[in-house]
Amino acid sequence: MCGELRGGDAGAHVTLMGWVNRRRDLGGLIFVDVRDRTGLTQVVFDPERDSMLHAKAGGLRNEFVIAVAGKVAHREAKALNPGMPTGEIEVVAEDLRLLNTSDTPPFSPADAALPTEETRLQYRYLDLRRQSMQRNLELRHRVALAMRQHLASQGFLEVETPFLTRSTPEGARDYLVPSRIYPGSFYALPQSPQLFKQILMIAGTDKYFQIVRCFRDEDLRADRQPEFTQLDLEMSFPTQERVFEAVEGMLQAVWEAAGVAGVKGPFPRMTYDEAMRLYGSDKPDRRLPAMADVREAFAPEHLQTLNIAAGLPVLAIRIPGVGELSRRERDELKPLLPARSGSRLFEDAKRLEKSFPEAMRQVRELAAVAEGDLLVLVAGADFKAAGTLRVALGERFAARHKAFSGDIRHAASYDFLWVTDFPMFEWSEEDGRWMAAHHPFTSPHESDMEAVIAQRALGSVRANAYDVVLNGMELGSGSIRIHRQDVQAAIFRALGMTDEEARNRFGFFLEALRYGTPPHGGIALGLDRIVMLLAGAESLREVIPFPKTTKAVDLMVDAPTSVSEAQLKELGIQVRKSST
RNA sequence: GGGGACGUAGUUCAGUUGGUUAGAACGCUGCCCUGUCACGGCAGAGGCCGCGGGUUCGAGUCCCGUCGUCCCCGCCA
């Protein structure tokens with residue numbers, strides 16, 4: 001193929017089929033770069049060899065589809081192009097067939113400069129012809145293949161689960177699909193195959209996995225699409241450690257398939273509490289230093305002078321290698337601390353130094369501050385806000401500390417981490433009730449079961465839930481599940497569901513739990529995110545062939561659209577004209 | 001739901017304090033060119049300045065609204 005010819009192929013007769021990437025018409029000689037999925041090869045048309053053929057080549061335009069037969073030839077020394085993999089050779093054309101013409105494209109896949117996202121998505125087929133996009137598609141293929149091969153080798157079975165399923169109004173908004181046979185009834189597209197995979201465990205499947213599309217009707221981000229792909233897996237009779245091993249082994253295989261050797265388990269572990277205390281985040285990016293509580297460095301009168309309420313933590317955030325900040329740069333740090341936190345930011349360490357030299361000496365020691373490090377202090381109980389600031393500072397000064405600029409081809413650039421012991425419940429102000437922090441099928445710690453049943457101190461109940469985190473991004477999330485019907489019922493009650501509501505929503509599942517459910521647990525990993533990180537991409541759209549915009553629109557096919565009155569009638573649906 | 005950035009030629013962008021005929025590069029068309037590889041040279045075509053309204057003698061430029069793309073907060077069990 002076009003990208004594969006090398007010096008050793010000289011003399012061979014080949015036929016290349018592909019697109020005209022670029023043509024260079026010198027009046028006499030015409031050079032045409034032919035492109036296919038694998039790369040480019042230069043084809044030369046010489047009028048002295050074949051004037052008819054040369055004339056035909058003169059009519060070629062960008063993105064025409066052609067088949068060229070010819071002889072692979074070494075280029076002369078002065079014509080070598082070390083800048084391209086096929087730069088040692090060229091194909092001397094002997095025959096040319098025009099397989100198809102092309103309108104002048106709105107942009108050329110040959111250009112390095114990208115058009116706007118809008119144009120790329122509208123003409124996605126042209127955008128995908130771009131070599132970097134072809135590379136990403138291939139990477140995605142290799143990642144998925146490695147997952148399947150590795151898991152299959154470990155005795156996992158890939159099993160498909162339905163897309164047309166039932167709405168479970170816990171969690172994200174569902175995408176609904178109206179039923180024609182039962183007007184007024186709807187299927188929901190799965191947010192994840194959670195209950196099906198648990199039922200597969202009940203069914204004795206033992207080790208299950210699936211590369212599966214999931215759907216969530218929530219607002220989008222650079223790393224969130226309304227439909228996305230998970231590597232979903234579940235095991236019977238596992239300990240948390242067994243799940244970790246399975247995932248670590250698989251990720252090692254995936255990274256190797258992507259050309260990165262040396263990723264190895266076991267990954268470091270950290271509890272949720274530690275993560276929040278040290279990083280103010282449940283997905284710590286450990287490529288930058290942890291925060292340190294330096295309150296003890298300040299005497300009570302210092303805290304009073306600084307107007308810091310007694311008992312609040314004073315968190316030191318250190319970003320290495322930033323150097324001196326200008327007054328203006330310092331002023332720009334203030335808005336990075338979320339305003340609603342009630343925390344206060346001290347961004348001018350120098351000034352504090354003048355007022356409290358001894359205290360600041362201790363701060364420097366506690367936070368291991370070195371020359372050239374940026375040091376800011378955050379006073380307040382909101383660790384999460386401080387963590388947000390820490391990440392924002394890390395991003396802002398990424399060019400200076402360089403902790404994020406590791407080579408994506410080296411294992412050392414990937415900081416994997418397990419975060420464990422998540423809280424079971426979170427209080428929702430909006431709904432005025434406890435919500436499942438992970439999902440309601442997660443088993444609480446055995447030692448916290450009493451609290452669950454008594455519905456006491458639900459906020460401090462720990463779950464057997466865990467996330468796998470990579471460079472500050474959540475790659476996957478899982479748990480050891482509840483396998484006892486009475487425990488599951490107790491959790492539903494703690495979530496404010498009456499037994500009747502629980503039966504209505506999850507009756508089929510509570511029923512299934514009665515028939516000899518084995519202990520089980522698993523995890524789901526975001527395939528798109530994994531490929532994105534391995535591709536060094538900033539957005540999921542780079543690794544999803546046909547993604548949607550932030551308003552969940554497919555610009556190429558123009559979806560969603562309204563449908564005909566007849567279609568609606570058949571479904572028993574009437575659309576209300578929005579009058580607001 | 002909220003905040004921010006952007007919207008001008010096919011594409012990427014520039015456009016001064018509101019001023020007369022809206023520019024550049026790439027692409028496109030034609031001509032010239034035998035070792036280019038982002039080929040080069042000459043000439044040319046190409047505009048609903050996102051859309052609607054307002055202010056003004058006059059709006060690409062100012063104001064209001066609206067639509068779209070991107071980023072962030074909320075949301076995403």
Side-chain angles (χ1 to χ4, degrees), chain A residues 21-34 40-49 51 54 58 61-63 73 75-84 86-87 90 92 103-123 126 168-174 191-192 194-195 214-226 228 335-336 338-340 385 388 391-392 395 422-426 428-431 434-442 463 465 474 477 479 491-492 495 505 524 526 538-539 541 548-551 553 555:
Chain A
N21 191 63
R22 237 182 217 116
R23 77 205 151 86
R24 292 173 292 281
D25 185 344
L26 271 56
L29 291 175
I30 295 175
F31 297 96
V32 173
D33 295 334
V34 185
L40 300 173
T41 291
Q42 171 167 289
V43 176
V44 59
F45 295 88
D46 187 340
E48 284 172 10
R49 280 178 162 295
S51 63
H54 176 264
R61 293 294 180 270
N62 286 344
E63 302 310 311
R75 299 192 190 183
E76 290 171 39
K78 61 177 176 170
L80 292 174
N81 185 347
M84 57 197 283
T86 59
E90 63 193 358
V92 181
D103 285 357
T104 301
F107 61 91
S108 166
D111 284 347
L114 291 172
T116 58
E117 202 74 33
E118 207 172 344
T119 311
R120 291 180 64 193
L121 291 177
Q122 189 183 344
Y123 299 94
L126 297 178
T168 52
E170 196 85 356
R173 239 175 258 120
D174 286 319
Q191 298 174 23
S192 86
Q194 184 60 34
L195 290 176
C214 301
F215 306 85
R216 294 180 190 175
D217 187 4
E218 296 294 342
D219 289 339
L220 310 183
R221 289 285 189 286
D223 61 352
R224 270 168 27 196
Q225 282 276 311
F228 59 98
L336 299 180
R340 67 194 141 65
T388 303
V391 169
E395 279 165 10
F422 274 76
M424 183 73 202
F425 302 103
E426 274 168 359
S428 164
E429 285 297 334
E430 196 183 331
D431 298 328
W434 291 97
M435 311 272 277
H438 181 55
H439 58 53
F441 316 106
T442 301
E474 179 195 316
S477 194
S479 62
I491 295 290
F492 285 146
L495 291 171
R505 293 183 191 177
E538 299 280 326
S539 161
R541 291 185 301 272
K548 295 184 174 51
T549 69
T550 44
K551 288 255 181 67
V553 167
L555 288 175

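None of these values were measured; they are calculated from a predicted model. Residue numbers begin at 1 in each chain, while the letters A, B, ... track the order of the sequences.
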_Distance, P atom - from U66(B) to G19(B), rounded to whole angstrom_ = 28 Å
*So, for Ala385(A) and Pro338(A), which heavy atoms are closest and what is the spacing to 0.1 Å?*
O-CD, 3.6 Å
_If I take atom CD in residue Gln191(A) and atom C1' in nucleotide C76(B), what distance separates them, rounded to the nearest angstrom?_
9 Å
_For Asp111(A), all residues meeting side chain to side chain donor-acceptor pair (under 3.5 Å), sequence neighbours excluded_ = Arg22(A)
*Which sits closer to the 5' end of RNA chain B, Ala436(A) or Pro115(A), going by the nucleotide each is nearest to?*
Pro115(A)
*Looking for any heavy atom pair under 4.0 Å, which part of the strands does Pro440(A) touch: base, sugar-phosphate only, or nothing?*
base
_Distance check, P atoms only: C6(B) and U16(B), in whole angstrom units._
14 Å
*With sequence neighbours left out, write down each residue that passes ring pair (Phe, Tyr, Trp, His ring centres under 6.0 Å) with Phe215(A), or none if nothing qualifies.*
Phe163(A)
*Go through the structure and list residues passing side chain to side chain donor-acceptor pair (under 3.5 Å) with Glu63(A), not counting sequence neighbours.*
Arg35(A), Arg129(A)
*Which one is paired to C26(B), where only Watson-Crick or G-U wobble pairs with both distances under 3.5 angstrom count?*
G10(B)
*With Tyr123(A), which residues qualify under ring pair (Phe, Tyr, Trp, His ring centres under 6.0 Å), at least two apart?*
none
Strictly under 3.5 Å: I want the nitrogen or oxygen pairs between protein and nucleotides 42-44 of chain B, one per line.
none

_Checking Ser479(A) now: which residues fulfil side chain to side chain donor-acceptor pair (under 3.5 Å) with it, not counting sequence neighbours?_
Thr442(A), Arg481(A)
*Distance, C1' atom - from A45(B) to G50(B), rounded to whole angstrom*: 24 Å
*Taking atom C1' in both U69(B) and C63(B), what distance in whole Å separates the two?*
24 Å
_Separation of atom CZ in Phe107(A) from atom P in C28(B), rounded to whole Å_ = 15 Å
*asked:* Using the C1' atom as the point on both nucleotides, what is the distance between G47(B) and U11(B), in whole Å?
replied: 14 Å
*asked:* Going by the rule salt bridge (charged side-chain N to carboxylate O under 4.0 Å, His left out), which residues pair with Glu218(A) if we only count those two or more places apart in sequence or in a different chain?
replied: Arg173(A)
*Does Asp103(A) reach the main-chain N or O of Pro105(A) with its side chain, forming a donor-acceptor pair under 3.5 Å?*
no
_Sole residue of Arg120(A), Glu118(A), Glu117(A) in side chain to side chain contact (heavy atoms under 4.5 Å, CB included) with Leu555(A)_ = Glu118(A)
*Write down the distance between CD (Glu63(A)) and P (G27(B)), rounded to a whole number of angstrom.*
14 Å
_Nucleic acid footprint by protein, nucleotides 33-38 of chain B - heavy-atom cut-off 4.0 Å, B for base, S for sugar-phosphate alone_ = BBBBBS
*For Asp103(A) and G10(B), give me the distance from atom CG to atom C1', rounded to whole Å.*
11 Å
_Nearest atoms (heavy-atom pairs only) where Leu126(A) meets Pro109(A)_ = O-CG, 3.5 Å
*Considering residues at least two apart in sequence or located in another chain, which fulfil the side chain to side chain donor-acceptor pair (under 3.5 Å) criterion with Arg24(A)?*
Asp33(A), Gln42(A)
*Sequence neighbours left out, what passes side chain to side chain contact (heavy atoms under 4.5 Å, CB included) with Val44(A)? Give chain and number order.*
Leu29(A), Phe31(A), Glu90(A), Val92(A)
*Is Thr119(A) touching bases, backbone alone, or none of the nucleic acid, heavy atoms closer than 4.0 Å?*
sugar-phosphate
*Can you tell me the Watson-Crick or wobble partner of A5(B), both distances under 3.5 angstrom?*
U69(B)
*With the sugar-phosphate defined as primed atoms, P, OP1 and OP2, and the base as all remaining atoms, what B/S/- string results for nucleotides 67-75 of chain B, 5' to 3', for protein heavy atoms under 4.0 Å?*
-SSBSSBBB
*Quote, to the nearest angstrom, the P distance that separates G40(B) from U17(B).*
36 Å
*According to the Watson-Crick and G-U wobble definitions, with both distances under 3.5 Å, which nucleotide is paired to C75(B)?*
none
*Pair partner, G47(B) [Watson-Crick or wobble, under 3.5 Å]*: none
*How would you label the contact of Ala437(A) with the nucleic acid (heavy atoms, under 4.0 Å): base, sugar-phosphate, or nothing?*
sugar-phosphate
*Rounded P spacing from A14(B) to U8(B) in Å*: 10 Å
*Please state the P separation for the pair U55(B) and U61(B) - nearest whole angstrom.*
15 Å
*Roughly, in whole Å, what's the span from CZ in Phe228(A) to P in C76(B)?*
13 Å
*asked:* Applying the Watson-Crick and G-U wobble criteria at under 3.5 Å, what pairs with G19(B)? Answer none if nothing qualifies.
replied: C57(B)
*With sequence neighbours excluded, tell me which residues meet ring pair (Phe, Tyr, Trp, His ring centres under 6.0 Å) with Phe492(A).*
Phe506(A)
